[in-house]
Each structure stands twice: as C-alpha cells, then as structure tokens.
Amino acid sequence: MKIAVLMKRVPDTASVLKITPDNKSVDMANLKFVMSPYDEHAIEEALKIREAGKATEVIVFTVGPEGSQETIRTALAMGADRAVFVKEDPSRFNSKGIAEMLAAAVKTEGPELVFAGKQAVDDDASQVPERVAELLDLPHASIVTKFELNGRAATVEREIEGGSYTVEVPLPALFTMQKGINTPRYPTLPNIMKAKKKEIKEFSLADLGLDAAKLVSGLEVSGMSLPRANRLNKILDGDSTERVKKLLTILREEEKVL
Amino acid sequence: MTLNEDLLMLRDAARKFAEREIAPYAQAWDRDEYFPDEMIKKLGDQGFMGITVPEEYGGAGGNYMAFAIILEELARHDGGLCLAVEAHNGLCCGHILIGGNDDQKRKYLPALARGDQIGAWCLTEPNSGTDAAAMQTRAVQDGAHWVINGSKQFITNGERAGTYVVTARTGPGDRGAISAFIVERGTPGLSTGKREEKLGMRSSDTVVVKLEDVRVPAENMLGPEGRGFEDVKEVLKRGRVVISAMSVGFARGAVEEAVKYAHQRTAFGQPIFEFQAIQHKLADMMIQTEAARLMMYQSVSMLDRGLPTTREAAMTKVFASETATRVAMDAIQVLGGYGYLRDYNVERYMRDAKLIEIGEGTSEILRSLVAKTLRA
C-alpha cells in the first residue's frame with residue numbers, strides 16, 4: 001500500500017513578511033522556507049504506518065518553484081521514500097489550480113491513502129486537500145487527531161468545536177492532520193545522508209496533460225496588507241498586588257471581558 | 001565558509017533535538033551529576049552514536065564536519081552529555097575505526113552506533129596524561145589471551161560503558177611498545193571506582209577504571225602488536241579538531257543567553273542592552289565566538305579533506321577553548337547577580353567550558369606544539 005503525502009513549502013513562520021509594491025502578493029525574495037508544520041504531522045503519521053508494516057511506501061507530493069527541492073529533501077530526510085515534484089510557480093494559481101495539479105500527480109501513483117496537513121500556515125485557505133479528494137472522487141475526513149487503520153477502512157477522530165467526532169472511512173481516502181495527532185520526528189543523520197540518493201520525480205504541467213490557462217480560477221487578489229497592530233501601550237505601575245487589581249478593573253470595567 | 005544543504009539540515013535537526021530533548025533537563029542533570037541512560041538510545045536513534053561509522057557497520061557514514069556540527073548543537077545545551085557523545089564517537093568508535101580489522105568492526109560497531117551501549121576510551125592513568133608515554137598499565141600474553149593489569153583515570157563514560165578500548169604496554173621495559181585492546185563490560189577483573197565530582201561536565205560520568213588480571217582474547221587486540229601508540233596519536237589528533245566545536249557551542253550559549261537577558265532586564269529606565277558598556281561586551285563576545293567557529297570549520301574541513309591538521313587543530317583548540325571560558329565569564333557579568341545563580345545556566349557554561357582548556361591536550365602543550373612548527 002502506498003501513502004501519498006501532500007506537502008507545501010511556506011515562509012518560515014519566524015520571518016518578517018513584506019508586501020510587493022503592487023500590494024497584491026507577499027515578496028518571496030530573501031525568505032527562508034520551511035515545510036508547513038501541519039504537513040510534518042501528515043508525514044509523521046504516514047511514516048508510522050509504514051514502520052508498523054501496514055504500508056510499503058511514503059511518497060511526498062508538492063507543487064512549487066525551483067528551490068522547493070530543499071524542503072522536499074527535508075521530507076525525504078524525515079524518512080519518506082521518494083517525492084513527486086510538480087515544478088510550477090504556484091503564485092500564478094490559487095487553490096483550484098494547485099489541487100488539479102496535485103490530483104493529476106497523485107493519480108500517477110494510485111495510493112490507498114492520501115494525507116495532508118489540515119491547512120498551510122501561509123494562506124490558511126484549507127482548500128487544497130479537500131479539492132484533491134473531490135477531483136479524485138475520494139472520501140475524505142479533515143482535522144484528524146487520531147488515525148487507525150482497520151483493514152480496508154480507517155477509523156479516525158476529527159476535532160470539532162468542543163469535542164471530537166469519530167468516523168469510519170473506506171479506503172482509498174484522503175485525510176488532513178491536526179496538531180496533536182503525533183510528534184513529528186527530526187531528520188536523523190543516516191536519513192539525511194540517504195535523502196540525497198532518493199528519487200525526486202519532476203513533472204511539468206504538460207507532463208500531467210494540464211493546460212495552465214484552464215487552471216486559473218476566476219478568483220483575483222485585489223489587495224493585500226499587513227495586519228496593523230493598534231496597541232494601547234498602557235503600562236500599569238505599583239507592586240504586583242496593585243497591578244493585578246488595576247488589570248482586573250480594566251478587564252471588567254473598560255474592556256468588559258470578565 | 002558556508003555549510004551545504006545537508007549540513008544545514010543536520011544542524012537544524014540537531015538543534016531541534018537539543019532544544020526538545022536536552023535543554024529542559026540540563027540543569028537537573030548537572031545537579032544530579034548524571035543524564036538518564038535512555039538518552040543514549042535517543043542519541044542512537046538520531047544517528048549521533050555512530051556519526052563517522054560507515055553504513056556497512058551500522059553507522060551514519062557522516063564526515064567530521066557532521067560530527068562537529070552535532071557537537072556544537074549538543075554542547076549549546078549540555079556539555080556533559082556532549083562530552084559523552086564526543087568520547088564515544090571520537091575516541092572509542094574512533095580508535096576501533098582506525099585500528100580495528102573488519103571482524104572487530106562488525107562485532108562491536110553496530111551496537112555502539114545504534115546506541116544500545118556507550119563506549120569508553122581508557123588511555124589516561126594517574127601518572128600519565130599529556131605524557132602518554134609514561135603509561136604503566138601492562139598486558140602480558142598467555143596463550144590465546146592477553147592479561148591486562150593497571151589503572152585508568154578520568155575515564156569518560158567509564159561507569160556505564162558497554163565497550164572499553166584500553167591501551168597497555170606490551171613491549172618489554174618501562175618504555176616498551178603500547179598496544180590497544182577491546183574489553184567488554186563484565187569481563188572479570190574490570191571494575192570502576194566512584195564517580196568523580198567535577199567542576200563542570202557534571203552530567204557525564206568520569207571514573208577510575210581498574211584492570212586486575214583482565215583476560216581478553218588475542219583477537220581483541222586493535223591493530224598489530226605495538227602499534228597502539230601510533231593509533232592513539234591519530235585518535236587524539238582527530239579528536240582535537242572536533243572537540244573545539246564543543247567550545248563554540250558553549251560560547252554560543254553564553255552569547256545567546258546574555259543577549260536575551262540584556263533585552264529583558266531594565267535598569268535606570270531602559271533595557272541594559274541600551275548601555276554601550278553592555279553593547280560592546282556583547283559585540284566582543286559575538287566576534288570571538290564567530291572567529292572560533294570559523295577556525296573550527298577550517299580545521300575540520302581540512303581533516304575531512306585529509307590534509308595535515310596538527311598545527312591548525314592545536315591553534316583552534318587553544319583559541320576556541322579559551323574563548324568559550326572568557327565569553328561565558330562575560331555572560332555571567334552581563335547577567336550580574338543572576339548570572340551567578342544556577343537557574344540562569346551561564347555559570348554552568350563557564351564550568352563546562354573550562355575543561356576543554358585541559359582535556360585532549362592542555363593549552364600549554366598545544367602552544368608548545370604550535371611554537372615547535374615556528375622553530376627555524
């Protein structure tokens with residue numbers, strides 16, 4: 001059984017973002033990129049299943065520009081067996097186009113399980129995995145916090161507001177992973193050494209039989225701005241007892257949150 | 001000097017490992033003078049117990065740069081655990097790699113590289129440290145065995161090691177040739193003394209290893225009879241290159257903690273970072289640390305390329321070790337009264353750092369060694 005893991009490289013969450021002069025996108029120059037943290041959980045879960053002897057191969061799929069190989073190597077160094085890389089600048093497309101590319105790429109491998117992070121931490125769109133599932137006509141369950149294989153089905157716990165929701169899903173199927181499902185491993189030295197020798201299969205849109213013009217959606221970004229922090233900059237004085245009293249007064253009477 | 005993609009990935013992974021698995025416990029391990037045995041397995045799972053051991057013997061097949069990078073990251077949070085890793089990889093596995101034959105490597109390296117057990121290297125004696133030629137431990141052949149008698153001092157990992165590499169005199173007389181042997185834990189006659197109470201590196205165990213009529217099979221001799229001292233010199237030469245990475249780790253820890261504190265602590269209505277006296281001290285600490293790191297990268301990459309490193313390793317170790325102690329002292333000064341407290345870690349970095357000015361060649365002998373290369 002093969003497991004496909006959809007992965008996205010995103011700007012390091014510690015980096016300082018700048019908007020391009022046209023106010024329509026994030027300036028990607030000089031940014032450090034990392035794997036979207038939820039995708040680390042997806043890879044970890046796939047590796048655990050393979051290590052338990054229930055899967056033969058973990059294949060990572062990503063769409064990205066030249067340079068994405070570095071993030072792919074991190075996934076391979078965590079222990080994924082190989083990667084499929086659709087080399088295409090994703091900034092020209094949005095979730096619809098990316099999902100079509102990934103769906104076409106995943107189809108070439110025919111996995112029983114498709115995993116992804118529940119969302120990417122850059123645009124937080126939470127769209128791509130579910131769209132891939134629809135395009136491949138697979139059942140899917142999102143925001144999974146517990147995953148268990150039972151032969152030809154999977155029993156999973158989904159996080160919902162204030163509780164959890166258990167569903168059984170027949171395979172093949174797609175699942176998106178939430179934090180807390182596992183603790184992603186760090187790449188080990190032997191796996192870093194081996195990652196160099198693992199295959200990264202590259203596809204262009206033409207290889208996948210896709211036409212860029214048809215992948216562009218009707219959605220257009222009209223503007224982008226950085227969140228503006230309007231802080232009160234109020235500093236309370238006095239000893240700690242007095243400061244706590246003042247804080248409670250503000251929370252109760254001014255902000256009315258208590 | 002920039003690191004390639006693999007080494008950067010290794011650095012990030014080792015850093016995360018150290019932050020998650022070591023940093024939260026390092027103070028307690030220092031206080032208790034021990035790190036838990038399960039750390040050895042965890043380090044093994046990361047490939048950090050067989051760093052330069054080739055894949056065919058169960059290791060990671062990394063180079064010395066990989067070794068150095070791991071040491072810097074581990075030392076950043078705990079010198080003692082890092083010393084255990086350094087002695088295991090560099091000295092014990094290192095000697096088996098240099099002197100061992102294929103059978104010996106196959107028999108002993110996989111368990112060491114997996115972290116099923118830790119290794120110890122037994123060279124130093126009560127009266128023989130830098131002057132390794134004054135060794136008194138003796139091995140006498142008895143049929144298919146060698147019988148070893150003697151006492152080894154300051155043995156890192158000695159208390160819990162599964163495999164010991166022991167040097168002993170096998171040639172006649174006080175200056176007779178030296179050979180090395182692999183001695184397994186549990187061999188009758190091998191015992192350890194009480195754990196030494198140390199200034200720093202306290203989470204690693206340091207003991208006396210006593211050898212009383214220890215019989216080891218002849219096939220456990222590492223290398224041809226009488227070649228032990230040559231191999232010892234090679235082990236020390238390589239170790240001296242990478243051990244400077246530990247000093248870089250201590251210095252980096254001290255700088256990072258001092259910078260963090262200087263931004264948080266206010267005095268006279270502003271963070272103490274705003275005072276020029278503090279800024280210049282921090283800048284000097286940073287400059288010295290980076291210089292030490294670059295010297296270390298340079299000598300390690302020379303070792304990886306098979307170039308002679310005797311002088312470079314000596315210069316680097318003197319500079320890096322003395323820098324680490326000084327930078328850690330400066331960090332204590334920046335933290336003031338808090339720097340003197342165990343809760344704030346920097347005093348621990350100073351205690352840990354001091355050892356590198358002594359172990360694997362003192363600053364004094366290394367300066368003499370550098371001077372020797374300058375003689376007309």
Side-chain angles (χ1 to χ4, degrees), chain A residues 7 9-15 30-37 39-41 43-44 47-48 51 60 64 66-80 83 85 179-180 182-198 200 233 235-237 239-240 243, chain B residues 2-23 41-74 85 88-89 93 109-110 113-115 266 269-271 304:
Chain A
M7 181 196 79
R9 74 163 202 167
V10 297
D12 189 337
T13 44
S15 44
N30 304 319
L31 282 181
K32 187 187 175 217
F33 291 93
V34 297
M35 187 188 309
S36 181
D39 299 348
E40 290 183 10
H41 292 281
I43 291 176
E44 177 64 35
L47 294 175
K48 278 166 66 183
E51 282 161 4
V60 173
E66 179 64 35
S68 304
Q69 290 92 337
E70 207 177 303
T71 317
I72 295 173
R73 293 265 175 234
T74 306
L76 296 175
M78 282 178 77
F85 174 30
K179 261 183 205 154
N182 54 39
T183 307
R185 66 196 64 192
Y186 343 88
T188 67
L189 177 57
N191 279 341
I192 290 170
M193 305 292 291
K194 283 177 203 144
K196 274 184 287 197
K197 295 170 208 152
K198 291 178 178 173
I200 301 178
N233 289 326
I235 294 170
L236 304 176
D237 49 22
D239 66 23
S240 55
R243 291 205 303 271
Chain B
T2 51
L3 302 176
N4 67 26
E5 193 187 297
D6 294 344
L7 292 168
L8 286 172
M9 199 192 293
L10 172 65
R11 190 192 64 187
D12 289 350
R15 189 166 293 179
K16 276 188 198 159
F17 176 84
E19 284 168 359
R20 205 190 289 175
E21 309 285 350
I22 298 173
K41 188 68 199 155
K42 280 189 183 175
L43 289 159
D45 290 344
Q46 285 305 117
F48 296 171
M49 295 296 276
I51 302 167
T52 62
V53 173
E55 280 178 46
E56 55 181 312
Y57 302 121
N63 58 12
Y64 285 94
M65 192 60 92
F67 191 3
I69 283 166
I70 292 164
L71 291 181
E72 180 186 330
E73 296 305 325
L74 301 183
V85 169
H88 168 92
N89 280 279
C93 296
L109 290 175
R114 279 195 303 270
T266 57
Q270 61 180 354
D304 274 329

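Note: hydrogens, waters and symmetry copies are ignored here, and every other heavy atom, side chains too, is used.
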Verdict with reasoning, B/Leu3 to B/Leu10, per side-chain contact (heavy atoms from CB on, under 4.5 Å):
CA-CA 10 Å; B/Leu3 302 176; B/Leu10 172 65; over 6 Å; no

Tell me, side chain or backbone of B/Leu7 under 4.5 Å from chain A's heavy atoms, or both, or neither?
neither

So which heavy atom on B/Ala13 is nearest to which on A/Pro187, and how close?
CB-O, 3.3 Å

Across chain A and chain B, what donor-acceptor pairs are shorter than 3.5 angstrom?
residue	atom	partner	partner atom	Å
A/Tyr186	OH	B/Glu21	OE2	2.9
A/Pro187	O	B/Gln46	NE2	3.4
A/Leu189	N	B/Gln46	O	2.9
A/Lys196	NZ	B/Asp6	OD2	3.1

What are the two closest heavy atoms between A/Ser36 and A/Val10, and how far apart are they?
CA-CG2, 3.7 Å

Sequence neighbours excluded, which residues qualify as side-chain contact (heavy atoms from CB on, under 4.5 Å) partners of A/Ala80?
A/Val58, A/Val60, A/Leu76

Show the nearest heavy-atom pair for residues A/Met78 and A/Pro184, with the distance to one decimal.
CE-CB, 4.2 Å

State the CE-CG distance between B/Met49 and A/Leu189, to the nearest 0.5 angstrom.
13.5 Å

